[in-house]
There are 2 protein chains.
Amino acid sequence: MRLNISIDKQNPWGGFEEFLKEKGMKITRPREVVVKEALAVRGHFTADDLWARVHKKDRTASKATVYRTLQLLTQSRLIEPRDFEQGKLYYEQMVGHHHHDHLICLECGKITEFENPAIEELQEKVARKYNFTIASHSHKMYGTCVRCRQGKTKEKEREFKIKF
Amino acid sequence: MRLNISIDKQNPWGGFEEFLKEKGMKITRPREVVVKEALAVRGHFTADDLWARVHKKDRTASKATVYRTLQLLTQSRLIEPRDFEQGKLYYEQMVGHHHHDHLICLECGKITEFENPAIEELQEKVARKYNFTIASHSHKMYGTCVRCRQGKTKEKEREFKIKF
DNA sequence: TTGATTATGAGACTCATTCTCATAATTCCA
DNA sequence: TGGAATTATGAGAATGAGTCTCATAATCAA
Ligand SMILES: [Mn+2]
Ligand SMILES: [Mn+2]
Ligand SMILES: [Zn+2]
Ligand SMILES: [Zn+2]
């Protein structure tokens, strides 16, 4: 399913073309628009967010193609899915980014990214203990950000519907 | 929204009755069946799993009531939601259980629970660094369990549809 | 018992995502 | 370069978890 290619950070669309070729798939206009738009987003986005952007560039692009390309982008490792909220998936582009985890403010929707090598190591240790092979992981903390706790938040960035 | 009660582990339904009273809600038959069935499940379950059980006990119980009671059970802390898979929520009862996190085998669906105080502490440290107040967290590792890696798995327990 | 209040079941509805299928674009190669 | 073969596309139907509505029913305090 997943190919073991690594795409050139300087030319991700070119790399994605290679990826398509290796899978015997075709290089098409709609795919190019979706890929380039996805990589142009900074921050986290949903399929619908992406479709809105794509739609501006190409009035005829369909949502189905956006969803289909999102799957390919995930396989090619150019983006990663994020399960911030139940019911819909977010994504973020990984070109030139390292792995990180997230603090999610339930009041204003602000997401803070963190990296913690010590946690990652302990994680591996846990996996080793259970003889488990990690393919991916998700580590999220939900709560309240500084600004919200101090009542300084001007406007919500987003609303995450979390059950508890 | 959430009340600050702690329910007696020896008599959770009794405690839940208290919880309902404090919220000005009524003690009803359907609620009793749903609560008792939910607490009778060991392991992780979905709303639909629970409904199937409830349905056996009371042919007229509706799915809506199962969903509604699941929310109340979450508020009363008798159960906790689990975001193992995108698109549907799982739950697990917390009566007499401590907090733990999960290893999820993508091949057979087996879930291994782990507790790691060192990770929990580092987590708090991260939150402190960003002045973030944690309300809850979710830490999952997806991958392959021992049995599956060694080809010893007899049958899938479940199938989790994860996008990578 | 009764009346005010809250809960219920049934099914309509929502919303993200996937699927289907007729048509269109790409690619391969003679 | 011209098709034929193959894969992709757009449109909208289908799916599935979860929520909502509303007419009716049950609970409970007085
Ligand atoms: Mn991120
Ligand atoms: Mn568990
Ligand atoms: Zn905030
Ligand atoms: Zn397994």
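The sequence lines fix the lettering, A, B, ..., with proteins before strands; numbering per chain opens at 1.
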Between B/H102 and B/H44, is the ring centre distance below 6.0 Å? yes
Ring center gap for A/H99 and A/H137 short of 6.0 angstrom: yes
[N] phosphate, OP1 or OP2, under 4.0 Å from [X] side-chain N/O:
{"X": "A/T65", "N": "D/dG10", "value": "yes"}
{"X": "A/K163", "N": "D/dT19", "value": "yes"}
{"X": "B/K161", "N": "D/dG16", "value": "no"}
{"X": "B/Y67", "N": "D/dT19", "value": "no"}

With a 3.5 Å cut-off and just heavy-atom distances, do the side chain of A/R68 and the base of D/dG10 make a donor-acceptor pair? yes
Are any of the side-chain nitrogens in B/E17 or B/K21 under 4.0 Å away from the carboxylate oxygens of its partner? no
For the pair made of [atom1] in [X] and [atom2] in [N], what is the distance, rounded to whole Å?
{"X": "B/K63", "N": "D/dC20", "atom1": "NZ", "atom2": "P", "answer": "17 Å"}
{"X": "B/Q86", "N": "C/dC15", "atom1": "CD", "atom2": "P", "answer": "16 Å"}
{"X": "B/K88", "N": "D/dA17", "atom1": "NZ", "atom2": "P", "answer": "5 Å"}
{"X": "A/L70", "N": "C/dT17", "atom1": "CG", "atom2": "P", "answer": "9 Å"}
{"X": "A/E17", "N": "C/dT26", "atom1": "CD", "atom2": "P", "answer": "12 Å"}
{"X": "A/I27", "N": "D/dT9", "atom1": "CD1", "atom2": "P", "answer": "12 Å"}
{"X": "B/L72", "N": "C/dT6", "atom1": "CG", "atom2": "P", "answer": "14 Å"}
{"X": "B/L20", "N": "D/dC28", "atom1": "CG", "atom2": "C1'", "answer": "13 Å"}

Linked, directly or transitively: A/I111 and A/M141 (ILVMFWY side chains, under 4.5 Å): no
Shared hydrophobic cluster for A/L89 and A/F45 (ILVMFWY, side-chain gaps under 4.5 Å): yes
Would you tell me whether A/Y90 and A/E85 have side-chain atoms, one donor and one acceptor, within less than 3.5 Å of each other? yes
Strictly by modelled atom types, are B/R149 and A/T133 linked by a side-chain donor-acceptor pair under 3.5 Å? yes
Would you mind classifying the nucleic acid contact of A/K21 as base, sugar-phosphate or nothing, using non-hydrogen atoms under 4.0 angstrom? nothing
Have a look at B/Q71 and say if it touches a base, only the backbone sugar-phosphate, or nothing, with a 4.0 Å heavy-atom cut-off. sugar-phosphate
Which of the following nucleotides, [options], is nearest to the side chain of [X]?
{"X": "A/T28", "options": "D/dC20, C/dA25, D/dT9", "answer": "D/dT9"}
{"X": "A/M25", "options": "D/dG12, D/dT7, C/dA7", "answer": "D/dT7"}
{"X": "A/K26", "options": "C/dA25, C/dT8, D/dA26", "answer": "C/dA25"}
{"X": "B/R31", "options": "D/dA26, C/dT8, D/dT9", "answer": "C/dT8"}

Should B/K110 and B/E107 count as side-chain neighbours, where that means a heavy-atom distance under 4.5 Å? no
Do any of residues 39-61 of chain A sit with a heavy atom less than 4.0 Å from DNA chain D, and if so which? A/T60, A/A61
